[in-house]
2 protein chains.
Amino acid sequence: MAAVNPRTWKQPMKQKLTISIQDYMKTIYELTENGESASTNALAQKLKVSAPSVTGMIKKLASSKPALVEYQKHQGVTLTKEGRKAALEVIRHHRLLEAWLVQTLGYSWDEVHEEAERLEHVISEDFERRIATAMGHPLRDPHGELIPTEDLKMPVDESTPLSSLRPGQNGIVTCVKAADMELLRHLESLGLVPSAEIEVKEYSPFDHNLTVKVEKKTSVLGFNITTKIFVEITK
Amino acid sequence: MAAVNPRTWKQPMKQKLTISIQDYMKTIYELTENGESASTNALAQKLKVSAPSVTGMIKKLASSKPALVEYQKHQGVTLTKEGRKAALEVIRHHRLLEAWLVQTLGYSWDEVHEEAERLEHVISEDFERRIATAMGHPLRDPHGELIPTEDLKMPVDESTPLSSLRPGQNGIVTCVKAADMELLRHLESLGLVPSAEIEVKEYSPFDHNLTVKVEKKTSVLGFNITTKIFVEITK
DNA sequence: AATAAAATTTAGGTATGACTAAATTTTAGA
DNA sequence: TCTAAAATTTAGTCATACCTAAATTTTATT
Ligand SMILES: [Mn+2]
Ligand SMILES: [Mn+2]
Ligand SMILES: [Mn+2]
Ligand SMILES: [Mn+2]
């Protein structure tokens, strides 16, 4: 119910990270998945915080023991090993929660995100274990995003973006990487949800449009959509 | 994900109360249920915070618009109508969550409290509605505590403390008002849980001990226990 | 009524995590 | 290579919610 005096903290504990820090870690993870470092501005935008606030926080994270990020002025940040663990812990919470909310409370996949965004920071490890067990240790969340394992490793994703398929190829949707609720609802109306089967019918080399067929429905999808849908190629 | 600048708050909103404030409201509610006002020290103890911190917070709550508490120096605090609503909102969240965690994740009644204590502050009204609906709008939590209604009224409790029963009277347990996990587990081992049927066998006028029979098990209970168990008299 | 003890408030700080405005550094264009 | 724009950091504040030590007020007890 109450707070802990930071001055009386026993150091060598698995210290609980603040909600802010947890959000920073998660966001840095997402921005550095491609291998590049995360810029101050990109973080500021994603976290909806000013750039100076990011600089301040980043300095703190870099000088904490153990350091959670690697930081060089003007060069952005990357996660340390410790930092990656912290990020994956939050991401595991988030994705398990999304899956659980959809399965047990009938949330739709475009509604869950917000709720999970707040719950992810306050559930116990016990809660995490209970929902994981109750769902039979799912591999992916409702969007198809991979759930970090209990020992905080991120499974490798074998799937490829729909944009790389060509006419004649088929696939099963594994993941839809979209945050926008409008877009999510649109894709759902087209049947483009995880585990849907897709046939690629046509490809337009100029705009990279793909014509795809999902459950008897045919749609023409632009490049900015086909790069967000990931599939496991079946043919 | 980020914070709101309090200086740019639009006033006349159903402003979201901070977690600290929510905990103060809940605790003040509990301490004033008997009709008396809550003292600074009692609040400090329950909230695990220093007395000066309580004074400071109380002043803020009293001068906020709308005021959440009524406060007179050295005289303790009581809740305003607004304050009571705020308290009941948190209590409803807490008790619905306890019921939900026990029903769907197999928490035991002595484990749920802590988890609910943190979740109560972050679930949405939507989440509240979903779990209430999923459970068929339960009247009581796993301890038997009454759950405030959706329109934030506290139902009146018809039950009486076990301590007021005498040999020959029977009752059904409605509520066990104990916070201590050890005690809760002990009572459970005696079968003293909500909806258990109790027969009062003996009464010792000197120490107010009651000998009771629950499911073929007979126990002698001290006054400090019998005042914490509430029953609906059936005979 | 006087005084000691208990309760409460005042005074002065701290940590966290935001913000704006100004300065600096990096980057990219001519 | 110089320079302007963009990105980033520094400097200085602020709100929230705690804290300890000291002062004050209330309350009991003679
Ligand atoms: Mn975890
Ligand atoms: Mn979050
Ligand atoms: Mn709480
Ligand atoms: Mn509510």
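Since we're looking at a predicted model, the values are computed, not measured. In what follows, every chain begins at residue 1, and chains take the letters A, B, ... in the order their sequences are listed. Because only heavy atoms are used, hydrogens play no part in the values below, and waters and symmetry mates are left out as well, while side chains stay in.
A rotation axis mapping the C1' atoms of four pairs onto the next four is fitted at both ends of the helix from C:dA1-D:dT30 to C:dA30-D:dT1 over five pairs, and the angle between these axes is 0° to 10 degrees.
For the pair A:E111 and B:R130, the salt-bridge criterion is met [side-chain N within less than 4.0 Å of a carboxylate O].
Between the CD atom of B:Q45 and the P atom of D:dC18 there is a distance of 17 Å, given to the nearest Å. As rounded to whole Å, 14 Å separates atom C1' of D:dC19 from atom CE of B:M57. As a whole-Å value, the separation of B:M25 CE from D:dA17 P is 13 Å. Put simply, CD1 on A:I19 is 17 Å from P on D:dT16, counting in whole angstrom units. One atom, CD1 of A:I21, and another, C1' of C:dT16, lie 9 Å apart when rounded to the nearest Å. Separating the NZ atom of B:K48 from the C1' atom of D:dC19 is a distance of 18 Å, rounded to the nearest angstrom.
Look at B:S50 and you won't find any side-chain N or O under 4.0 angstrom from OP1 or OP2 of D:dC18. Contact annotation: B:S20 side-chain N/O to D:dC18 OP1/OP2 distance is under 4.0 Å. For D:dA17, the OP1/OP2 oxygens have no side-chain nitrogen or oxygen of B:S53 closer than 4.0 Å. Side-chain N/O atoms of B:Y24 include one lying less than 4.0 angstrom from OP1 or OP2 on D:dC18.
Under the salt bridge (Lys or Arg N to Asp or Glu O under 4.0 Å) criterion, no residue pair touches residues 67-83 of chain A, with sequence neighbours excluded. For residues 79-99 of chain B, the set of pairs meeting the ring-ring contact (aromatic ring centres under 6.0 Å, His included) definition, not counting sequence neighbours, comprises B:H94-B:H113.
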Kindly list each side-chain donor-acceptor pair under 3.5 angstrom involving residues 152-159 of chain A, sequence neighbours excluded, with atom names and distances?
residue	atom	partner	partner atom	Å
A:D157	OD1	A:R140	NH2	3.3
A:D157	OD1	A:S159	N	3.0
A:D157	OD1	A:S159	OG	2.6
A:D157	OD2	A:S159	OG	3.3
A:S159	OG	A:T174	OG1	3.1

Identify all side-chain donor-acceptor contacts of residues 36-43 of chain A below 3.5 Å with residues at least two apart in sequence or on another chain.
residue	atom	partner	partner atom	Å
A:S37	OG	A:Q75	O	3.0
A:S39	OG	A:A42	N	3.1

Nucleotide N/O to protein N/O under 3.5 Å, stretch nucleotides 3-10 of chain C:
residue	atom	partner	partner atom	Å
C:dT8	OP2	B:N41	N	2.9
C:dT9	OP1	B:Y71	OH	2.5
C:dT9	OP1	B:H74	N	3.1
C:dT9	OP2	B:T40	OG1	2.8
C:dT9	OP2	B:T55	OG1	2.7
C:dT10	OP1	B:K73	NZ	2.9
C:dT10	OP2	B:K59	NZ	2.1

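By the side chain to side chain donor-acceptor pair (under 3.5 Å) test, A:R129 pairs with no residue at all, sequence neighbours left out. In this structure A:H143 satisfies the ring-ring contact (aromatic ring centres under 6.0 Å, His included) test together with A:W109, sequence neighbours excluded. In this structure, the ring-ring contact (aromatic ring centres under 6.0 Å, His included) partners of A:F223, at least two apart in sequence or on a different chain, are A:H208.
In this model, no donor atom of one side chain and acceptor atom of the other lie less than 3.5 Å apart for A:D126 and A:S124.
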